[in-house]
A.B. asks: 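To start, I am sharing the structure in question, which I have written as C-alpha cells.
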Amino acid sequence: MLERDIESVLFTQEQLAQRVQEIADQITADYQGKEITLVSVLRGSFVFMADLCRRIDLPCTVDFMSVSSYGSGTSSTGQVQITKDLSGDISGRHLLVVEDILDSGNTLSYLLKLLEQRKPASIRLCTLLDKPDRRVKPVEVHYSGFTIPDAFVVGYGLDYAEHYRNLPYIGILKPEVYGG
Ligand code: IMP
Ligand code: MG
C-alpha cells in the first residue's frame, strides 16, 4: 500500500542491518572502557536508534530529544525549535547523538552547540544518512551510514509529512507525492 508512492528502493532491510552492525562495531571499539549516552533525535531516528543500540556492546544509557526544523515540506527552514528536551543531566557523559539524516546541517549545528554548553565529557555524531550536497552549515560527522544524493527519502524512521516512517527499507519518494 505504501509501496505505490515509492519510486525506487535505495537501501533494503538487509543492507541497513549490515551497515548498522558495522557502525555499532566501530562504536564499540572506539569507546572501549567507557560508558556512553545515546541521544536520539526524534522522531526520525527512532528506528535506527532501536537497531543501533542493540548492536552496541558497551554500558550505555539512552535519552531522547525532539526538535522541529521542517513543517511538512521537504526543505529546511533554518529555524530550529526544541519541542522535547533530554530527561537526564549530561554533564561528564560521553554523548553520541543519533540522527536519521544530515541534510542542510541546520538542525544538528544548532543542537550540537546547545548540548556542548551542558559540558558533556565528549560529544560525537552518528547519522544514518548524509546528503552532503545540501549542506548549508558545516557539521562534523563521526559515524555515517550512507552518503546519498539529493533526493527526498522515506522509510526506516524517515517521514514525509509524518508518514512512511514504518516502511522497513529506505526508498525515494515519487516527486508527485509532494508536488515536486
Ligand atoms: P537539516 O536541518 O536540513 O539538516 O534537516 C535534518 C532533518 O530534516 C532530518 O532530521 C529529517 O527529519 C529531515 N530530512 C532531511 N532530508 C530528509 C529526507 O530526505 N527525508 C526525510 N526527512 C528528511
Ligand atoms: Mg523529519
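When a ligand or atom number is given, it counts from 1 through the structure's own listing order.
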A.B. asks: Take every heavy atom of Lys131, measure it against each atom of ligand 1, and state whether any distance is under 4.0 Å.
C.D. replies: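 Yes, Lys131 has heavy atoms under 4.0 Å from ligand 1.
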
A.B. asks: In ligand 1, which numbered atoms sit nearer than 4.0 Å to a non-hydrogen atom of Ser104?
C.D. replies: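 This gives 1 (P), 2 (O), 3 (O), 4 (O) as the contact atoms.
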
A.B. asks: Could you pull out all residues at least two apart from Asp85 that satisfy side-chain contact (heavy atoms from CB on, under 4.5 Å)?
C.D. replies: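 Expected list: Met65, Ile82, Arg118.
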
A.B. asks: Stepwise, does the salt bridge (charged side-chain N to carboxylate O under 4.0 Å, His left out) test hold for Arg93 with Glu35?
C.D. replies: CA-CA 8 Å; Arg93 307 276 319 168; Glu35 178 170 316; 3.0 Å; yes

A.B. asks: As an exercise, identify every atom of ligand 1 less than 4.0 angstrom from a heavy atom of Asn106.
C.D. replies: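 Those qualifying, in numeric order: 2 (O), 4 (O).
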
A.B. asks: If you count the non-hydrogen atoms of other residues, nucleotides and ligands that lie under 6.0 Å from CZ in Arg55, is the total more than 12?
C.D. replies: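 Check fails, neighbour count at 12 or below.
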
A.B. asks: Need the ligand 1 atom indices (1-based, order shown) with element for anything under 4.0 Å from a heavy-atom of Ala151.
C.D. replies: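 Atoms satisfying the 4.0 Å criterion: 19 (O).
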
A.B. asks: Is there a polar contact, in the sense of an N or O pair closer than 3.5 Å, between Gly105 and ligand 1?
C.D. replies: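 It does: an N or O of Gly105 is found under 3.5 Å from an N or O of ligand 1.
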
A.B. asks: To the closest 0.5 Å, what do you measure between CD1 (Ile123) and NE2 (His142)?
C.D. replies: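 Answer rounded to 0.5 Å: 9.5 Å.
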
A.B. asks: Is there any N or O on Val153 that sits under 3.5 Å from an N or O of ligand 1?
C.D. replies: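 Checking ligand 1 against Val153, an N or O pair does fall under 3.5 Å apart.
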
A.B. asks: Please round to the nearest 0.5 Å and tell me the distance separating atom OH of Tyr156 and atom CG of Leu128.
C.D. replies: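 Here the rounded value is 6.5 Å.
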
A.B. asks: Heavy-atom contact check, 4.0 Å cutoff: does Ser45 meet ligand 1?
C.D. replies: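 Contact check Ser45 vs ligand 1: negative.
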
A.B. asks: Quick test of your reading of the structure: of Val41, Leu173, Ile170, Ile101, whose heavy atom lies closest to atom 9 (C) of ligand 1?
C.D. replies: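 Checking each option, the heavy atom nearest atom 9 (C) of ligand 1 is found in Ile101.
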
A.B. asks: Using a 4.0 Å heavy-atom threshold (strictly under), name the region of Glu99 that reaches ligand 1: side chain, backbone, both or neither.
C.D. replies: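 Glu99 to ligand 1: side-chain contact only, backbone stays beyond 4.0 Å.
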
A.B. asks: Using a 4.0 Å heavy-atom threshold (strictly under), name the region of Val154 that reaches ligand 1: side chain, backbone, both or neither.
C.D. replies: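 For Val154, no heavy atom sits under 4.0 Å from ligand 1.
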
A.B. asks: Kindly check if the number of other-residue, nucleotide or ligand heavy atoms within 6.0 Å of CD (Glu3) is above 12?
C.D. replies: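 Not buried by this count: 12 neighbours or fewer within 6.0 Å.
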
A.B. asks: Which atoms of ligand 1 are found less than 4.0 Å from any heavy atom of Asp103?
C.D. replies: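 So the atoms of ligand 1 that pass are 1 (P), 3 (O), 4 (O), 5 (O), 15 (C), 16 (N).
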
A.B. asks: Which atoms of ligand 1 sit under 4.0 Å from any heavy atom of Asp159?
C.D. replies: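 In order of number, 21 (C), 22 (N).
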
A.B. asks: Under a 4.0 angstrom heavy-atom cut-off, which atoms of ligand 1 come close to Thr107?
C.D. replies: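 Those qualifying, in numeric order: 1 (P), 2 (O), 5 (O), 6 (C).
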
A.B. asks: Taking atom types as modelled and ignoring hydrogens, do the side chains of Thr61 and Thr37 form a donor-acceptor contact shorter than 3.5 angstrom?
C.D. replies: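 Yes, side-chain donor-acceptor contact under 3.5 Å.
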
A.B. asks: Can Ile27 be reached from Leu16 by stepping across I, L, V, M, F, W or Y side chains whose heavy atoms are under 4.5 Å apart?
C.D. replies: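 In one cluster: yes.
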
A.B. asks: Measure the shortest side-chain to side-chain distance between Phe11 and Leu129 over non-hydrogen atoms and say whether it is less than 4.5 angstrom.
C.D. replies: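 Sidechains of Leu129 and Phe11: in contact.
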
